[in-house]
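To start, the structure under review is shown below, and the notes come after it.
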Amino acid sequence: MLELNKSGTDRSEPGRLPAQAPGPDAAPDTRPAGDSPSSGPDAAADRVPLRPYLIAGAILCALYFLYAYFQYARFGSPSWDLGIFEQEVRAYAGFDAPVVDIKGPGYLILGDHFSPIVALLAPLYWIWPSAESLLFAQAALFALGAVIVGRTTQQILGGRSGLCVTVAYGLSWGIQEAVKADFHEIAFAVPLLALVCRALLLKRYTAALLWSLPLVLVKEDLGATVAVVGFLLFVYGRRLQGALLAAFGVAAFVVTLVVLIPAASSAGRYDYWTKIDKNGEQDVSMLDSVLGVLDSSVKIEMLVFLIGITAFMALRSPLTLLILPTLGWRLLSQDSNHWGMVWHYSAILMPVLFLALADGVRRSRGSRRPWLASYAKVAVPVAAAIAVAMTQHLPLRDLLRPDTYRTDDARSQAARAALDAIPAGSRVETDITLMAHLTSDRTVYWVGGAPGTAPDIVAINLDFGWSRPIQDPVAYAEQLHPEARYRLKHRGGSFVVMERTTPEPAKIPGVRGD
């Protein structure tokens with residue numbers, strides 16, 4: 001189980017990192033003390049080549065992007081998030097406020113989730129103004145995490161353990177499901193958390209503090225994770241640094257949720273509180289939320305597979321504490337999408353868990369418990385084998401199927417014909433199918449989410465999965481916008497494009513006049 005600093009730690013060595021210290025069942029350590037011992041991790045870092053990990057990272061980046069690109073090219077985006085993030089990045093690239101009309105006309109996205117770090121993608125978007133640039137950026141960030149995790153593991157454990165962990169991390173279900181879920185802001189947190197854990201394991205305390213600071217700009221809940229980093233620094237003997245960082249993390253968490261997001265939100269509040277205190281229309285008390293953290297087999301399965309992919313060795317490392325804030329809000333949530341193994345929510349846990357695996361193996365190798373010492377010798381290859389075995393049920397397996405690379409099927413051709421019927425620069429109301437293909441050069445609204453705007457175009461996929469089949473698309477468009485009249489402009493396959501025939505309204509909600 002988790003061990004912070006027990007009696008096995010040599011108290012005559014105040015600079016020793018407890019995560020590296022032998023536990024009560026370990027053999028004595030005769031290495032010299034110090035914050036950066038010449039015979040310790042820093043020296044090992046000089047002996048570990050970088051090139052193999054860069055090659056492995058490049059391969060993983062290619063696999064991630066290949067999957068994401070062909071999913072996009074086949075019009076298979078699973079949610080509206082890719083369109084939302086492209087609108088945000090496009091606004092930053094144009095030096096505008098991050099307005100995301102998909103969430104509502106004139107909607108300021110910082111009032112939804114606080115992720116200003118996404119602005120760093122603006123230079124890439126200048127070169128490549130497409131949703132595909134976001135997919136590539138995420139693939140590169142995930143692969144960078146693999147480079148950091150793998151190389152750090154070899155510095156700690158030696159041998160071929162680093163490449164084994166690179167494979168295990170790179171094929172982990174948390175990363176694969178995030179790739180399938182299109183782009184999300186948490187892509188930035190993955191390499192940052194890998195760098196934080198690396199710094200802690202290599203006893204580079206100031207680096208751990210500095211790498212953790214940008215996490216508060218990735219997403220509003222990560223201030224709590226920063227506070228846990230501060231707690232670990234405090235326990236590891238960096239009491240002032242740890243206390244200050246923990247205080248900063250808590251303050252950032254509170255200020256973001258209570259001040260910054262409500263200030264940017266048109267509703268004046270943080271809307272996602274309802275994920276915890278409401279189940280549909282039914283109010284749920286905090287006590288009931290706490291008592292229900294393990295009330296679903298889906299939650300339990302997720303927890304088992306989280307630790308299981310590390311061959312359960314992550315439980316031997318204090319680094320595992322860093323996953324608790326993210327797990328906490330997910331288990332408290334009444335939204336079942338947060339509980340399981342799908343979507344992107346577990347991606348940020350992967351670098352923490354796999355570096356905790358490396359730390360757990362190191363702590364167990366000298367154990368006086370023979371079974372534990374023996375198991376530590378095989379835990380890394382076991383973790384890699386688990387990752388490879390699970391991949392047959394995970395998204396990247398699709399790369400072995402010829403149909404994955406086909407973008408000339410009837411549905412894709414019909415979707416592209418619908419796109420051609422939508423003029424550049426127009427205001428379009430649409431569903432998820434076409435959304436991320438329109439956001440680079442059109443103003444895009446979510447279908448049904450832009451009342452009073454009378455968009456130039458209403459484009460829908462009749463097979464999208466509507467609660468009621470749409471029998472008359474033109475009547476449906478006019479039902480959405482009774483202030484305007486529409487006519488059928490294009491129909492091909494299940495895709496219908498309608499254009500407005502009446503004049504544009506003098507005042508459009510969310511649009512400022514020149």
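Reckoned from all heavy atoms, side chains included, excluding hydrogens, waters and symmetry mates. In what follows, residues are counted from 1 in the order of the sequence shown.
- Using a 4.5 Å heavy-atom cutoff, the side chains of His481 and Glu429 are in contact.
- Once rounded to the nearest 0.5 Å, the distance linking CD1 of Ile432 with CD1 of Ile460 reads 14.0 Å.
- Of the inter-residue distances, the one linking Leu215 atom CG with Leu193 atom CG reads 5.0 Å to the nearest 0.5 angstrom.
- Remark: Thr430 engages no residue in a side chain to side chain donor-acceptor pair (under 3.5 Å) (not counting sequence neighbours).
- For the residue pair Tyr345/Glu177, the side-chain donor-acceptor check at 3.5 Å is not satisfied.
- The closest side-chain donor-acceptor pair between Glu220 and Tyr270 falls under 3.5 angstrom.
- Scanning both residues, Leu222 and Ile348, for their nearest heavy atoms gives CD2-CD1, 3.9 Å.
- Between the side chain of Ser265 and the backbone N or O of Ala267, at least one donor-acceptor pair lies under 3.5 Å.
- Taking CG of Leu260 as the start and CG of Leu257 as the end, the distance is 9.5 Å to the nearest 0.5 Å.
- Residues Leu82 and Tyr72 are in side-chain contact: their nearest non-hydrogen atoms beyond the backbone lie under 4.5 Å apart.
- Counting heavy atoms from C-beta on, the side chains of Ser336 and Val298 never come closer than 4.5 Å.
- In this structure, Val118 and Glu185 approach most closely via the heavy-atom pair CG2-CB, 3.9 Å.
- Atom OG1 of Thr391 is separated from atom CG of Leu171 by 4.0 Å, given to the nearest 0.5 angstrom.
- Side-chain contact between Met313 and Ser364 is present, with heavy atoms from C-beta onward closer than 4.5 Å.
- The aromatic rings of Phe95 and Trp126 lie tilted to each other, with the angle between the two planes from 30° to 60°.
- Here the side chains of Leu60 and Tyr64 are in contact, with some heavy-atom distance below 4.5 Å.
- Between Trp80 and Trp446, the ring-plane angle classifies as perpendicular under the 30° and 60° cut-offs.
- For the pairing with Thr439, the side-chain hydrogen bond (donor to acceptor under 3.5 Å, both in side chains) check across Arg90, Glu86, Gln87 returns one residue only, Glu86.
- Look at Asp101 and Lys103 and you find no salt bridge, because none of the NZ, NE, NH1 or NH2 atoms lies under 4.0 Å from a carboxylate O.
- For the atom pair CD (Glu504) and CD (Glu483), the distance works out to 11.5 Å, reported to the nearest 0.5 Å.
- The ring-ring contact (aromatic ring centres under 6.0 Å, His included) check on Trp343 picks up nothing, with sequence neighbours excluded.
- With hydrogens and angles disregarded, no donor-acceptor distance shorter than 3.5 Å links the side chain of Glu301 to the backbone of Gly340.
- Across all their heavy atoms, Phe183 and Asp81 have their closest contact at O-CB, 4.3 Å.
- Donor-acceptor pairing under 3.5 Å is recorded for the side chains of Ser317 and Asp359.
- A side-chain donor-acceptor contact under 3.5 Å links Ser133 to the backbone of Trp128.
- Counted within 6.0 Å of CZ on Phe136, heavy atoms from surrounding residues, nucleotides or ligands total 12 or fewer; the atom is thus considered open.
- Around the OH atom of Tyr69, the shell of radius 6.0 Å holds no more than 12 heavy atoms that belong to other residues, nucleotides or ligands.
- The two residues Val99 and Ala91 come nearest to each other via the heavy atoms N-CB, 4.2 Å.
- When all heavy atoms are compared, the tightest approach of Phe65 to Leu135 is CD1-C, 4.0 Å.
- Contact annotation: the side chain of Ser289 never approaches that of Asp277 to less than 4.5 Å [non-hydrogen atoms, C-beta and beyond].
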Walk me through it: do Trp339 and Met302 pass the test side chain to side chain contact (heavy atoms under 4.5 Å, CB included)? CA-CA 7 Å; Trp339 302 345; Met302 183 264 292; 5.7 Å; no
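- Taking the side chain as every heavy atom from C-beta outward, Ile261 and Asp271 never approach each other to under 4.5 Å.
- Here the closest non-hydrogen pair linking Leu110 and Ser115 is CD2-N, 4.0 Å.
- Lys180 NZ: 12 or fewer foreign heavy atoms inside a 6.0 Å radius.
- Between the side chain of Arg362 and the main chain of Ala358, no donor-acceptor pair closer than 3.5 Å is present.
- Leu120 places a side-chain heavy atom less than 4.5 Å from the side chain of Phe188.
- Aromatic ring orientation, Trp329 versus His338: perpendicular (interplanar angle above 60°, classes split at 30° and 60°).
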Any chance you could lay out the side chain to side chain contact (heavy atoms under 4.5 Å, CB included) test for Cys61 and Phe142, step after step, and finish with the verdict? CA-CA 7 Å; Cys61 180; Phe142 285 168; over 6 Å; no
Before you tell me yes or no, could you show the steps for Leu121 and Phe85 under side chain to side chain contact (heavy atoms under 4.5 Å, CB included), namely the whole-Å CA-CA distance, both residues' side-chain angles and the distance that decides it to 0.1 Å? CA-CA 10 Å; Leu121 294 178; Phe85 282 106; over 6 Å; no
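- The line from OG1 of Thr320 to CG of Leu349 is 10.5 Å long, rounded to the nearest 0.5 Å.
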Stepwise side chain to side chain contact (heavy atoms under 4.5 Å, CB included) test for Leu63 and Val179: CA-CA 10 Å; Leu63 293 176; Val179 170; over 6 Å; no
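- A distance-only check finds a donor-acceptor pair linking the side chain of Arg427 to the backbone of Ala454 [under 3.5 Å].
- Thr433 and Asp431 are linked by a side-chain donor-acceptor pair at a separation below 3.5 angstrom, with hydrogens and angles left out of the test.
- A donor-acceptor pair is defined here as one N or O able to donate and one able to accept, closer than 3.5 Å; such a pair exists between the side chain of Ser172 and the backbone of Tyr169.
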